[in-house]
Amino acid sequence: IQIFEKSFIGFEERKTYKTNYDILIGKFGNPVIGIKITNLVLQYSADAELYQTYHKVFNQLVNILGEGHIFQKLDIFDKRRYEPEHFNEYLQNKYSEHFNGRLYKVIETLLIFTHYIDNTKKKIIYKHSEKKYADFRERIEKIFLVLEQNGFQPSYITKEEWEHYYFSYINMDFSAEYKYINNMRSNSSHLELNNQYSRVIDFVDVENIQLPNKVSPYSILGGNSSAS
């Protein structure tokens, strides 16, 4: 039997360093800052330049962050039921009500930043340094500005949002307004959560990664040269 442990120990709220973002503290004491962005490129967009811009901006973010850090991009895909919006105009209301209850797909993109953690060490896995901490915050603020200047509409992940994503992950349900923790059962191939099943599928074999020498940020689909 293995005890379930949280992946973080708490928060450092924005008032501590007079910033406009909350900092998640990982279980080793490492600071974690998250930024939510809006994707520039629509699905099946025909504008190849947007794909190139997206790729260039992320290369720039990696350069700003520098060595000794971890940069994760998380895409959360979810299906939700449409709830009609209220409008003052009668026809607009009726149009909105027409789609009531229909399923639609959403995507949320999160950028997660933290210091590199060497968990092979037996004693001190992470050592806090106020100078290194200040440098980390400065780098993330520069990254935020770059995202803002390139139209990604960035916003820092708040304490409440961190908790929302954490409990959504535990429940494997990102749609429900109220979260609750139910029993889990671990099997050899999947997790059982109440009446749901959860399984991690690897798309890439990390022990034998075979990639081409050149990878394009987009591909051409169909006869009308639309990029994706």
In Å, rounded to the nearest 0.5 Å, how long is the span from [atom1] of [X] to [atom2] of [Y]?
{"X": "Leu24", "Y": "Glu163", "atom1": "CG", "atom2": "CD", "value": "9.5 Å"}
{"X": "Tyr104", "Y": "Phe99", "atom1": "OH", "atom2": "CZ", "value": "13.0 Å"}
{"X": "Asp75", "Y": "Ile107", "atom1": "CG", "atom2": "CD1", "value": "4.5 Å"}
{"X": "Lys159", "Y": "Glu161", "atom1": "NZ", "atom2": "CD", "value": "13.5 Å"}
{"X": "His128", "Y": "Ile25", "atom1": "NE2", "atom2": "CD1", "value": "8.5 Å"}
{"X": "Tyr82", "Y": "Asn100", "atom1": "OH", "atom2": "CG", "value": "8.5 Å"}

Could you tell me which non-hydrogen atom of [X] sits nearest to which non-hydrogen atom of [Y], and how far apart they are?
{"X": "Phe28", "Y": "Ile117", "result": "CD1-CG2, 3.7 Å"}
{"X": "Pro154", "Y": "Ile35", "result": "CB-CG2, 3.7 Å"}
{"X": "Glu85", "Y": "Ser96", "result": "N-OG, 3.0 Å"}
{"X": "Trp162", "Y": "Gly34", "result": "CZ2-N, 3.5 Å"}
{"X": "Ile23", "Y": "Pro31", "result": "CG2-CB, 3.8 Å"}

Going through the checks in order, is the side-chain contact (heavy atoms from CB on, under 4.5 Å) test met by Tyr17 and Tyr133? CA-CA 11 Å; Tyr17 290 94; Tyr133 196 10; 3.5 Å; yes
Kindly indicate whether the side chain of [X], heavy atoms from C-beta on, has any atom under 4.5 Å from the side chain of [Y].
{"X": "Phe136", "Y": "Ser129", "answer": "no"}
{"X": "Thr109", "Y": "Lys36", "answer": "no"}
{"X": "Leu111", "Y": "Leu61", "answer": "yes"}
{"X": "His98", "Y": "Tyr95", "answer": "no"}
{"X": "Ile112", "Y": "Ile157", "answer": "yes"}

Hey, does the side chain of [X] reach the backbone of [Y] with a donor-acceptor pair shorter than 3.5 angstrom?
{"X": "His69", "Y": "Glu67", "result": "yes"}
{"X": "Asn93", "Y": "His86", "result": "no"}
{"X": "Asn63", "Y": "Asn59", "result": "yes"}
{"X": "Asp22", "Y": "Arg14", "result": "yes"}

Apply side-chain contact (heavy atoms from CB on, under 4.5 Å) to the pair Phe113 and Leu65, showing each step before the final yes or no. CA-CA 9 Å; Phe113 308 91; Leu65 192 61; 3.8 Å; yes
Is the number of heavy atoms from other residues, nucleotides or ligands under 6.0 Å of [X] [atom1] greater than 12?
{"X": "Glu89", "atom1": "CD", "result": "no"}
{"X": "Lys73", "atom1": "NZ", "result": "yes"}
{"X": "Arg102", "atom1": "CZ", "result": "yes"}

In this structure, would [X] and [Y] fall into the same cluster of hydrophobic residues linked by side-chain contacts under 4.5 Å?
{"X": "Val57", "Y": "Val62", "result": "yes"}
{"X": "Phe152", "Y": "Leu145", "result": "no"}
{"X": "Val106", "Y": "Tyr169", "result": "no"}

Looking at residues at least two apart in the chain, or sitting in another chain, which of them share a salt bridge (charged side-chain N to carboxylate O under 4.0 Å, His left out) with Glu141?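 Glu141 satisfies salt bridge (charged side-chain N to carboxylate O under 4.0 Å, His left out) with no other residue.
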Any idea how Phe58 and Phe71 line up, ring-wise: parallel (<30°), tilted (30 to 60°), or perpendicular (>60°)?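 Phe58 and Phe71: parallel rings.
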Determine the interplanar angle of the Phe144 and Tyr156 rings, folded into 0 to 90°, and report it as parallel if under 30°, tilted if 30 to 60°, perpendicular if over 60°. parallel
Going by the salt bridge (Lys or Arg N to Asp or Glu O under 4.0 Å) test, name the single residue among Arg139, Arg137, Lys132 that passes it with Asp135.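 With Asp135 as partner, salt bridge (Lys or Arg N to Asp or Glu O under 4.0 Å) holds for just one option, Arg139.
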Check step by step if side-chain contact (heavy atoms from CB on, under 4.5 Å) holds for Leu103 and Arg81. CA-CA 5 Å; Leu103 286 174; Arg81 291 197 177 276; 3.7 Å; yes
Give the C-alpha distance, both sets of side-chain angles, the deciding distance and a yes or no for side-chain contact (heavy atoms from CB on, under 4.5 Å) between Ile76 and Tyr165. CA-CA 10 Å; Ile76 301 171; Tyr165 288 123; 3.8 Å; yes
Once side-chain hydrogen bond (donor to acceptor under 3.5 Å, both in side chains) is applied, do any residues pair with Asn150, and if so which ones, sequence neighbours excluded?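 Asn150: no side-chain hydrogen bond (donor to acceptor under 3.5 Å, both in side chains) contacts found.
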